[in-house]
Colleague: 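This structure is in structure tokens; I'll ask about it shortly.
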Amino acid sequence: MHAAQAHYRGPKGMDAAFNRVARWLVERGVNLAGAQTLTVTGRKSGTPQTVPVNPMPWDGREYLVSPRGNTQWARNARVNDAAELRRGRRRRSIRLVEVAPADRAPIIRAYLDKWGWEVKRFLPEGMGTEPDDATLARHVGDLPVFEIR
């Protein structure tokens, strides 16, 4: 487990509404550019919490990146690594294992190559979707990354 990062951009206004619509569609099997729903157990409430996510295959493994930063789902996954990914009727029980900040840069870069168009407004100030190596190195601790197992 890694220390909590300070960066966090929670869904507000239209983003919150879009998340609800995206979650509803994905739960019904609609493929929104590969999106799935992630269900994790709330670390305080103990109840299931579900959000839309973009699983990303990279280098023979699969990852979740939290472009909004230290989100509720990331904090919950640090406490209880058991989770579920779902699209429509297809469900998959998984474990989420946090990737050390020192190992995140190439995964984040691949994620931004694939999903940057969708998540750019959530990224830390000054990062952008095509950060140079120094900028990316400054922000790897801001974006939690979990390997899906």
Side-chain angles (χ1 to χ4, degrees), residues 1-12 14-27 30-43 48-87 90-149:
M1 187 180 337
H2 303 283
Q5 293 82 19
H7 171 70
Y8 175 62
R9 293 216 173 132
K12 296 178 181 138
M14 288 303 293
D15 286 333
F18 177 78
N19 272 357
R20 285 190 298 274
V21 170
R23 188 176 101 195
W24 187 86
L25 290 169
V26 171
E27 286 175 346
V30 177
N31 185 351
L32 297 176
Q36 296 180 42
T37 58
L38 172 70
T39 302
V40 293
T41 302
R43 66 194 179 285
Q49 308 292 314
T50 302
V51 295
V53 293
N54 297 319
M56 188 196 66
W58 182 78
D59 199 27
R61 296 187 175 154
E62 194 174 16
Y63 297 89
L64 289 178
V65 174
S66 181
R68 291 180 184 272
N70 195 33
T71 59
Q72 297 297 325
W73 74 258
R75 290 182 235 177
N76 291 336
R78 288 183 185 116
V79 173
N80 181 358
D81 66 359
E84 179 184 82
L85 281 173
R86 175 181 171 200
R87 182 182 310 126
R90 291 182 27 196
R91 297 170 186 255
R92 173 166 62 132
S93 294
I94 60 168
R95 282 185 51 239
L96 294 173
V97 178
E98 190 162 14
V99 175
D103 299 327
R104 292 179 188 172
I107 301 165
I108 293 170
R109 189 172 301 287
Y111 182 87
L112 292 175
D113 287 346
K114 184 170 184 172
W115 298 106
W117 61 273
E118 181 181 355
V119 303
K120 63 184 169 188
R121 68 188 177 280
F122 308 130
L123 297 172
E125 183 88 21
M127 183 174 170
T129 59
E130 296 180 11
D132 59 33
D133 291 343
T135 301
L136 184 56
R138 275 195 311 274
H139 292 290
V140 293
D142 295 332
L143 303 177
V145 176
F146 291 83
E147 183 181 348
I148 298 169
R149 293 190 185 163

Colleague: Would you find a donor on one side and an acceptor on the other, under 3.5 Å apart, between the side chain of Arg95 and the backbone of Ala83?
Modeller: no
Colleague: List the steps, then state whether side chain to side chain contact (heavy atoms under 4.5 Å, CB included) holds for Val145 with Leu64.
Modeller: CA-CA 6 Å; Val145 176; Leu64 289 178; over 6 Å; no
Colleague: Quick one: does Arg86's side chain have a donor or acceptor within less than 3.5 Å of a partner on Arg92's backbone?
Modeller: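 Pair absent, no side-chain N/O of Arg86 close to backbone of Arg92.
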Colleague: At their closest point, which heavy atom of His139 faces which heavy atom of Pro124, and how far apart are they?
Modeller: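 Reported closest heavy-atom pair: ND1-CB, 3.4 Å.
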Colleague: Under a 4.5 Å cut-off applied to non-hydrogen side-chain atoms, are Arg78 and Pro144 in contact?
Modeller: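 Touching, per the 4.5 Å side-chain cut-off.
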Colleague: Can a side-chain donor-acceptor contact be found between Thr37 and Thr50 if the only test is distance below 3.5 angstrom?
Modeller: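 No.
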Colleague: Is a donor on one side and an acceptor on the other found under 3.5 Å between the side chain of Trp73 and the backbone of Asn70?
Modeller: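 Checked: no pair found.
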Colleague: Quick check: does any side chain N or O of Arg68 sit under 3.5 Å from a backbone N or O of Phe122, one acting as donor and the other as acceptor?
Modeller: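 Not confirmed, Arg68 side chain does not pair with Phe122 backbone.
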Colleague: Among residues at least two apart in sequence or on other chains, which ones pass salt bridge (charged side-chain N to carboxylate O under 4.0 Å, His left out) with Arg91?
Modeller: Glu84
Colleague: Just wondering, do Lys114 and Pro57 contact through their side chains at under 4.5 Å, heavy atoms?
Modeller: yes
Colleague: What's the separation between atom CG in Leu123 and atom CG in Leu143, rounded to the nearest 0.5 Å?
Modeller: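 Separation between the atoms: 6.5 Å.
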Colleague: Distance check, rounded to the nearest 0.5 Å: Ile107 atom CD1 versus Asp103 atom CG?
Modeller: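 So the CD1 of Ile107 and the CG of Asp103 are separated by 7.0 Å.
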Colleague: Can you measure from CG (Leu38) to OG (Ser66) and round to the nearest 0.5 angstrom?
Modeller: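 Separation between the atoms: 10.0 Å.
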Colleague: Verify the neighbour count for atom CZ of Arg43: are there more than 12 heavy atoms of other residues, nucleotides or ligands below 6.0 Å?
Modeller: yes
Colleague: Nearest 0.5 Å please: distance from the CD atom of Glu147 over to the CD atom of Glu62.
Modeller: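 Reported value, rounded in 0.5 Å steps: 9.5 Å.
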Colleague: Using a strict cut-off of less than 4.0 Å between a Lys/Arg side-chain nitrogen and an Asp/Glu carboxylate oxygen, indicate whether Lys120 and Glu130 qualify as a salt bridge.
Modeller: no
Colleague: Take Arg109 and Asp133 through the test salt bridge (charged side-chain N to carboxylate O under 4.0 Å, His left out) and record every step on the way to the result.
Modeller: CA-CA 10 Å; Arg109 189 172 301 287; Asp133 291 343; 2.9 Å; yes
Colleague: Just verifying a value: how many Å separate Ile148 CD1 and Tyr63 OH, rounded to the nearest 0.5 Å?
Modeller: 10.0 Å
Colleague: Minimum heavy-atom separation for Phe146 to Ala74, with atom names?
Modeller: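 Looks like CZ-O, 3.7 Å.
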Colleague: Do Pro131 and Ile108 touch side chain to side chain, with heavy atoms closer than 4.5 Å?
Modeller: no
Colleague: List in chain and number order the residues that pass salt bridge (charged side-chain N to carboxylate O under 4.0 Å, His left out) with Asp59, two or more places apart in sequence or in another chain; answer none if no residue qualifies.
Modeller: none
Colleague: Grab the two heavy atoms, one from Ala110 and one from Trp58, that are nearest each other, plus how far apart they are.
Modeller: CB-CD1, 3.4 Å
Colleague: Assess whether side chain to side chain contact (heavy atoms under 4.5 Å, CB included) is satisfied between Asn54 and Val65, documenting all intermediate values.
Modeller: CA-CA 8 Å; Asn54 297 319; Val65 174; over 6 Å; no
Colleague: Using the side chain to side chain contact (heavy atoms under 4.5 Å, CB included) rule, take Thr41 and Asn76 through it: C-alpha gap first, then chi angles, then the decisive distance, then the call.
Modeller: CA-CA 6 Å; Thr41 302; Asn76 291 336; over 6 Å; no
Colleague: Go through the steps for Leu96 and Val40 under the test side chain to side chain contact (heavy atoms under 4.5 Å, CB included), then give the verdict.
Modeller: CA-CA 10 Å; Leu96 294 173; Val40 293; 4.3 Å; yes
Colleague: Looking only at heavy atoms, which two atoms of Leu112 and Gly128 are closest? And how far apart?
Modeller: CD1-O, 4.1 Å
Colleague: Can you tell me how far the CG atom of Asp81 sits from the CD1 atom of Ile94, to the nearest 0.5 Å?
Modeller: 9.5 Å
